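Only one structure is covered here, and it is reproduced in the block below.
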Amino acid sequence: MYNEIDLDKIDMNAEPPAEEPARQYYFMAKCREWVQEFERIHGGGPTACIQTFGCQMNAKDSEKLAGILVAVGFDETNSEDADFVLYNTCTVRENANQRVYGRLGQLGVIKKKRPDMIIALCGCMMQEKEVVDKIKASYRFVDLIFGTHNIFQLPELLCRCLMRENPKKLVAEIWDGTDKIVESLPAERKYAFKSGVNIMFGCNNFCSYCIVPYVRGRERSRNPKEIIREIEMLVADGVVEVMLLGQNVNSYGKTLTNPISFAQLLQLAEQVEGLERIRFMTSHPKDLSDELIEVMKRSKKICPHLHLPLQSGSSRILKQMNRNYTKEQYLELAAKIKNAIPEISLTTDIIVGFPGETEEDFQETMEVVEKVGFDSAFTFVYSIRTGTPAAVMDNQVPEDVVKERFDRLLKQVQTTSAKVSGRQVHTVQKVLVEEVNSHDSRLLTGRLENNTVVHFPGEPQLIGTITQVFLDEFKGFYYMGTIVQDREER
Ligand code: 5AD
Ligand code: SF4
């Protein structure tokens, strides 16, 4: 990991090395020369603002991008009135794209006032040709574009951007795919005490509505040794909770030269001393093994929470979605998990209005929601993604029908989750204290092992610790609590 390479020791007169990550460290040193010159002229360092759209994968990528920028001397800021602004984009649904275009328009206004600022775009949206064409035609103030496969190249691309002769010329580098995994670049964590850890990249499932396999490429797993080494370094740096990240963590390890299962990886992670909590995201019902359930059941560190996307409760629609399980199989799996780990919290994703979804299909989704009793569910309106098989399917469901079903589902989800997710009220639970409550600074906010949020009075120095909290009251989707020690002292 980072800290092993001293930028001052890099020979800037030599040719850039061909191999990674040495090549990117070379360009980081070059970017730093530019930063030092900037400091000399302006009397202070340049500022950089990264805006992240989308999922946990993007959040993790943004930490890597921030790590590189901070290492070369940029000061991170939340304001888009900055010397370097980078949007890390999402394209999973059309509204994600629209949000980026809207924000980009506003950024163009800022750039009119400060023409020297650099505007960069990266992430999933950039893997789509129509998007890049649109940016080239209508957002000509953008300076730099790169895709999901070459995030690690930020130093090299930024250098190219800073050194270009014509400041109006767009620098663009978008790879179609890669099997490359570049290790050992810096990262700037958002939280000191918890961190995401990529265990794999890409997805091979090709659910028929989903654009992810096209924009994030084929599935490839990181070497377990590298993963464990990263976790050990994070723990040495104060991290107590890791979230193992992959589009479908249950198929981890299949592409390795020496394949291991996800459950085996979890067992290795559990052995890291000082690590208190392990989470992971996302699971695919078709690949969730008995071995994993057994390992979770026995573990003291693996949190009792499974995010298990259902997508639809109709076997007919699930087949059209290419999900590879039926309604019955999902129900059976959920029952098996709850039986083995009674305290588990199950959460899910559901899409409403997939092409051809009838009222009967939708009723089956409602029924599964009721039967499983999810702690919470993310509900989405089906969004056409160009290039996916579902985009060209007949009988797309009319917008008003989808909207009406969506509202009914949301109510159903709220009712069922309110019934089940407050079950720990009046018990003492371990809480990882995460931050001062954003609405009331007298309160702290943390998470139970099963991921439910709890707010309670407390001092900010508890942030990052695991504290015993009595859950006084359940408020629909979060608890209000009291630190056990404070309760006893009353
Ligand atoms: N339309 C609506 N929702 C989608 N998702 C993925 N693709 C689409 C789409 N085209 C949802 C799925 C997935 C979550 C991350 O986003 O429910 O689990
Ligand atoms: Fe998309 Fe399906 Fe892969 Fe999830 S498993 S990223 S929904 S293709």
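The model shown is predicted, which means the values in this text are computed figures rather than measured ones. Ligands are counted one by one from 1 in listed order, and the atoms in each one are counted from 1 as well.
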Discussion item. Using a 3.5 Å cut-off on N or O atoms only, is Asp349 in polar contact with ligand 1?
Written reply: yes
Discussion item. Check for me whether Arg323 has a heavy atom closer than 4.0 Å to any atom of ligand 2.
Written reply: yes
Discussion item. Suppose we measure from atom 4 (Fe) of ligand 2 to each protein heavy atom; which comes out shortest, and what is that distance?
Written reply: Gln247 O, 4.4 Å
Discussion item. Looking only at protein heavy atoms, which one is nearest to atom 16 (O) of ligand 1, and what is the separation?
Written reply: Arg93 NH1, 2.8 Å
Discussion item. Looking at non-hydrogen atoms alone, which of Arg385, Gln311, Glu94 comes nearest to atom 17 (O) of ligand 1?
Written reply: Gln311
Item to complete: Give a yes or no on whether the backbone of Val372 and the side-chain of Lys338 come within a donor-acceptor separation of less than 3.5 Å.
Response: yes
Item to complete: Could you tell me the residue and atom name of the protein heavy atom closest to atom 5 (S) of ligand 2, and the distance to it rounded to 0.1 Å?
Response: Asn205 ND2, 3.4 Å
Worksheet, complete the sentence: ligand 1 to Ile351, heavy atom cutoff 4.0 Å, flagged ligand atoms 3 (N), 4 (C), 5 (N), 12 (C), 17 (O)
Worksheet item: Does the side chain to side chain contact (heavy atoms under 4.5 Å, CB included) test come out yes or no for Val182 and Gln153, once each step is laid out?
Response: CA-CA 10 Å; Val182 178; Gln153 275 190 316; over 6 Å; no
Worksheet, complete the sentence: For atom 7 (S) of ligand 2, the closest protein heavy atom turns out to be Tyr209 OH, 3.4 Å
Worksheet item: Between Phe53 and Arg99, is there a cation-pi geometry (under 6.0 Å to ring centre, at most 45° from the normal)?
Response: no
Practice prompt. Would you please indicate yes or no on a ring centroid separation below 6.0 angstrom for Tyr214 and Phe206?
Written response: yes
Practice prompt. Give a yes or no answer on whether the side chain of Asn250 reaches the backbone of His284 with a donor-acceptor pair at less than 3.5 Å.
Written response: yes
Item to complete: Carefully, step by step, assess Lys403 and Glu399 under the rule salt bridge (Lys or Arg N to Asp or Glu O under 4.0 Å).
Response: CA-CA 6 Å; Lys403 169 88 181 61; Glu399 224 174 274; over 6 Å; no
Worksheet item: Taking the six-membered ring of Tyr101, is NZ or CZ of Lys134 closer than 6.0 Å to its centre and within 45° of its axis?
Response: yes
Worksheet item: Got a donor-acceptor contact below 3.5 angstrom from the Asn88 side chain to the Asn58 backbone?
Response: yes
Worksheet, complete the sentence: Among non-hydrogen protein atoms, atom 1 (N) of ligand 1 lies closest to Ser383 N, 2.9 Å
Worksheet item: Does Val381 reach ligand 1, in the sense of a heavy atom lying below 4.0 Å from it?
Response: yes
Worksheet item: Hey, which atoms in ligand 1 end up nearer than 4.0 Å to a heavy atom of Val92?
Response: 6 (C), 7 (N), 8 (C), 9 (C), 10 (N)
Practice prompt. Please confirm whether Arg408 makes a cation-pi placement over Phe362, using NZ or CZ under 6.0 Å from the six-membered ring centre and within 45° of the ring normal.
Written response: no
Item to complete: For atom 1 (Fe) of ligand 2, find the nearest protein heavy atom and state the residue, atom name and distance (0.1 Å precision).
Response: Cys210 SG, 2.3 Å
Worksheet item: Given that the side chain starts at C-beta and the backbone is N, CA, C, O, which of these parts of Cys207 lies under 4.0 Å from ligand 2, counting heavy atoms, or is it both or neither?
Response: both
Fill in: Contacting atoms of ligand 1, where contact means under 4.0 angstrom from a heavy atom of Tyr382
1 (N), 2 (C)
Worksheet item: Under 3.5 Å, is there a donor-acceptor pair between the Gln363 and Glu359 side chains?
Response: yes
Practice prompt. Heavy atoms only: give me the nearest Arg279-Glu449 pair and the separation to one decimal.
Written response: NH1-O, 3.0 Å
Response to the item:
ligand 2 atoms nearer than 4.0 angstrom to some heavy atom of Phe206 are 8 (S)
Discussion item. Please work out, at 4.0 Å between heavy atoms, whether the side chain, the backbone, both, or neither of Pro213 comes within that distance of ligand 2.
Written reply: side chain
Worksheet item: For atom 7 (N) of ligand 1, what is the nearest protein heavy atom, given as residue, atom name and distance?
Response: Tyr209 CD1, 3.3 Å
Practice prompt. Considering heavy atoms of the protein only, find what lies nearest to atom 3 (Fe) of ligand 2 and give residue, atom and distance to 0.1 Å.
Written response: Cys203 SG, 2.2 Å
Worksheet item: Given that the side chain starts at C-beta and the backbone is N, CA, C, O, which of these parts of Asn248 lies under 4.0 Å from ligand 2, counting heavy atoms, or is it both or neither?
Response: neither
Discussion item. Can you tell me how the ring of Phe378 sits relative to the ring of His307, calling it parallel under 30°, perpendicular over 60° and tilted otherwise?
Written reply: perpendicular
